[in-house]
Peer 1: 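One structure coming up, written as structure tokens, with questions to follow.
Computation of the quantities below employed the complete heavy-atom set of this structure, encompassing side-chain atoms and omitting hydrogens, waters and symmetry-equivalent molecules. Everything numeric here is computed off the predicted structure, so don't read it as measured data.
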Amino acid sequence: MAGAAAEQRRLSTVVESWLGRPVLVVGDAMLDEWRFAESDRLCREAPAPVLTLRRRISAAGGAANTAVNIATLGGRALLVAPVGADVAGDELHDCLDRAGVWDRTVSQQHRPTPVKRRMLAGNQILLREDSGDPEDLLDVDGVGRLLTALDCATEELKAVAGGAAPTLVVCDYGLGALPAPVRAWLVAHRNRFGTVALDAHDLADWRGLAPTVVTPSFAEATRLLARAAAGFGAPPAPVRAGNALHLDHPPSDPADGPSELVVGAAPGGAGERHLSTDPPGFGHPPTGEPTPGEDRVAMTGDGLTVTGTGVTVNTSAGDGVDRALLAESRLAELREHTGADVVAVTLDTEGAVVAGADGEPRRSHSTPVPASHAVGAGDAYLAAMTLALAADAPLPTAAQLAQLAATITVSDTGTCVCRREDLLAALGMTPDGTAHPTLVGKEELATIVADHRRAGRAIVFTNGCFDVLHPGHVRYLEQARALGDLLVVAVNSDGSVRRLKGPDRPVNPVEDRIALLAALSCVDHVVVFEEDSPTGLIETVRPDVYVKGGDYPPEMVPEAPLVRRLGGQVRTLGYVPDRSTSAIIERIRTQAVSSPQPTRPGAGTRSTSPAAPDGTPRDGVDPAPQSMGRTA
């Protein structure tokens, strides 16, 4: 059985294990509104586009979207949050009902529901309007009703779980849903919950919660380190002009979800550069100053300096900053300051860095997408990470599933929601838990490839006869698999092989050939084709990488123009010396001729396959160069 398939089944087992797991979500709930418009002219009054509204979509946002993701991933989500008694609040209730979230929100008569309205044209966000003032604090009655709702919800979920402690997720985006009395209640009642996940703009507000996992953005982690260091009274660190980079983030925008990181010049530095746009050595004026009471604080002597607004990194060599490496170097401190068992620093388009009690950092990667595609992807990450840890999954598994859940949600514009069936499909499974088979038909292959592509996987495709499987084949396929995330192997049928190789081929029937290929750990899917050329399958698979064997340039592969037209690339891999199907058949025939036992007529007939310039038979590794990429 292929190793990749076994790994997919292991991960899908975790997804199945969290089905129905009760989770209490508390925090800042909001409504996301998407307005899609068209524009074909400018208005007369100003150089601004005239927009014609075509459709409008409402979705749960913030803590509400985390609850939706938990529900759609298969958990039993219950949301406690203040929601305004207004039209936006009514729409938010509808979003929760449609997703199957247990709505235990608390209505607030004089406090509006926070809304983020985005106007788009051509899937490009033109503007965003935010409503809901974080300064509109809950009154005493509102706080009391929220505490009552928390207590009742905890008991409700405990009863559902048969007396077991439910899971808790806290989403604190600074919108006022979690005032000090609510935070104090959650800290005081920590023992009523099992797994506790925390996603907060200001992690310092949650000392004492002892969460299982925290998921700060890079900027949020930086800010926590700065404030923690300032509290310890560390001395200020000098900054040498012309020799530092400053990672600076603006004051937190509470209504905007997790903080965004801005990279700019350190205050007072003359030789720093803006990493996102400028080449090494490009100077910029200061972009920000430390906030009052949070002056620059030296953390270590390794070239890093932390402030209330960011991190300054010694870059005398002029190289850019690797945020993942920087985060890895601070994971132990983040665990200490948050009291969390697990810290997952999210790096938006660069994935995440995760570490647990063993201190071993684990890196996950994501696929870069337009910003309008990634709204709410962090909620999907948080939901999957929480459910996996609550199901007692090992940390590497939880981190892998969390990143996968976030990645497969960013295929289109809108608020990201990951469904259980989509996650299982990305793992090669159907909703009933069965796996995509290794041996597939052409029609089934199209569905499977679509599932893999939604998961952001790079698909490698190759084809050949693979008549007598030998070490040359294995090495070739292993090298092909290393070029992407999964390998699809197309095998010529028996009739196709006879037309291409002669009446005495194949030696092994197609049933035997595909069974051996499917047993290789580097092969994910095997499909048989009857034609002499795999062009039909190439159009079905649309591979990211098409691989052929041979010591010739990719331009000589007949399928190269088609592959490139479909957006893929062509690679050719060299042969393993003295390893070929023809050579093996030749040795068998030679030994048969020299044997004293009777041989059948023609047993000593030599192969007529021409030799390569180095003496290696032309079909040294199927596929063969003599077929110019058509067969093996």
Side-chain angles (χ1 to χ4, degrees), residues 167-172 183 186-187 190-191 193-234 247 249 258-259 261 294 297-302 304-308 310-311 313 322-348 350-364 378 381-403 406:
T167 297
L168 172 67
V169 178
V170 179
C171 302
D172 182 8
R183 296 197 301 270
L186 292 170
V187 171
R190 170 63 177 86
N191 61 344
F193 303 98
T195 301
V196 173
L198 171 62
D199 184 24
H201 274 352
D202 192 349
L203 291 166
D205 284 343
W206 292 94
R207 291 189 182 95
L209 182 63
T212 308
V213 57
V214 293
T215 59
S217 67
F218 183 78
E220 290 162 351
T222 298
R223 184 161 55 248
L224 176 67
L225 291 174
R227 292 177 178 176
F232 295 151
L247 278 67
H249 57 76
S259 302
L261 182 70
E294 294 180 342
V297 180
M299 295 297 294
T300 68
D302 59 4
L304 302 182
T305 302
V306 179
T307 76
V311 176
V313 186
D322 188 325
R323 293 194 299 165
L325 291 178
L326 188 57
E328 287 180 7
S329 70
R330 294 292 180 255
L331 287 172
E333 294 167 71
L334 289 169
R335 289 187 63 248
E336 177 184 353
H337 295 316
T338 61
D341 299 326
V342 175
V343 172
V345 180
T346 56
L347 307 170
D348 43 82
E350 298 176 52
V353 176
V354 184
D358 60 3
E360 182 67 26
R362 297 167 178 87
R363 177 73 189 278
S364 62
Y381 183 98
L382 175 63
M385 171 70 80
T386 302
L387 287 169
L389 292 176
D392 296 323
L395 179 56
T397 299
Q400 189 174 355
L401 287 170
Q403 189 64 67

Peer 1: Who passes side-chain contact (heavy atoms from CB on, under 4.5 Å) against Ala210, sequence neighbours left out?
Peer 2: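 Ala210 satisfies side-chain contact (heavy atoms from CB on, under 4.5 Å) with no other residue.
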Peer 1: For Thr212, what residues pass the side chain to side chain donor-acceptor pair (under 3.5 Å) criterion, not counting sequence neighbours?
Peer 2: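 Not a single residue meets the side chain to side chain donor-acceptor pair (under 3.5 Å) criterion with Thr212.
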Peer 1: Got Arg207 and Arg183 here, is their nearest side-chain heavy-atom distance under 4.5 Å?
Peer 2: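 Result no, sub-4.5 Å side-chain heavy-atom pair not found.
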Peer 1: Looking at side-chain heavy atoms only, is the closest gap between Arg227 and Asp202 below 4.5 Å?
Peer 2: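 A side-chain contact exists here, since the closest heavy-atom pair is under 4.5 Å.
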Peer 1: Considering only heavy atoms from C-beta outward, does the side chain of His337 approach that of Leu225 to under 4.5 Å?
Peer 2: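 His337 reaches Leu225 side chain to side chain.
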Peer 1: Heavy atoms, side chains only, cut-off 4.5 Å: are Leu382 and Cys171 in contact?
Peer 2: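 In contact.
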Peer 1: Please name the pair of heavy atoms, one in Ser364 and one in Gln403, separated by the smallest distance, quoted to 0.1 Å.
Peer 2: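 Here Ser364 and Gln403 meet closest at OG-OE1, 2.8 Å.
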Peer 1: Indicate the atoms forming the closest heavy-atom contact of Ala197 with Thr386, along with that distance.
Peer 2: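 In this case the closest contact between Ala197 and Thr386 is CB-OG1, 3.2 Å.
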Peer 1: Calculate, to the nearest 0.5 Å, the distance between atoms OG1 and CG belonging to Thr346 and Asp199 respectively.
Peer 2: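 Taking OG1 in Thr346 and CG in Asp199, the distance rounds to 7.5 Å.
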Peer 1: If only atom types and distance count, is the side chain of Arg323 paired as donor or acceptor with the main-chain N or O of Phe218 below 3.5 Å?
Peer 2: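 Judged by distance alone, no pair lies under 3.5 Å.
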Peer 1: Could you measure the distance from the CG atom of Leu326 to the OG1 atom of Thr222? Nearest 0.5 Å is fine.
Peer 2: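 It comes to 6.5 Å.
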Peer 1: Would you compute the distance between atom CG of Leu209 and atom CG of Asp172 and round it to the nearest 0.5 angstrom?
Peer 2: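 So the gap between those two atoms works out to 11.0 Å.
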Peer 1: Mind listing the closest non-hydrogen atom pair of Pro361 and Leu331 along with its distance?
Peer 2: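 Heavy atoms of Pro361 and Leu331 come nearest at CB-CD1, 3.9 Å.
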Peer 1: Heavy atoms only: give me the nearest Ala324-Arg363 pair and the separation to one decimal.
Peer 2: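 Closest approach of Ala324 to Arg363, heavy atoms only: CB-NH1, 3.1 Å.
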Peer 1: What's the spacing between Arg223 CZ and Ser217 OG if we round to 0.5 Å?
Peer 2: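 Here the interatomic distance stands at 7.0 Å.
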Peer 1: Which atoms form the tightest heavy-atom contact between Ala344 and Met385, and what is the distance?
Peer 2: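 Looking at all heavy atoms of both residues, the closest pair is CB-CE, 4.3 Å.
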Peer 1: Sort and list the pairs that fulfil salt bridge (charged side-chain N to carboxylate O under 4.0 Å, His left out) and have at least one residue in residues 352-361, not counting sequence neighbours.
Peer 2: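 Those involving residues 352-361 are Asp358-Arg362.
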Peer 1: Can you measure from CG (Leu186) to CZ (Phe193) and round to the nearest 0.5 angstrom?
Peer 2: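 The distance works out to 6.5 Å.
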Peer 1: Do the side chains of Pro216 and Leu203 get nearer than 4.5 Å, heavy atoms only?
Peer 2: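 Answer yes - side chains close enough.
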Peer 1: Work out which heavy atom in Ala390 is nearest to a heavy atom in Thr195; give both atom names and the distance.
Peer 2: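 Heavy atoms only, the tightest pair is CA-OG1, 3.3 Å.
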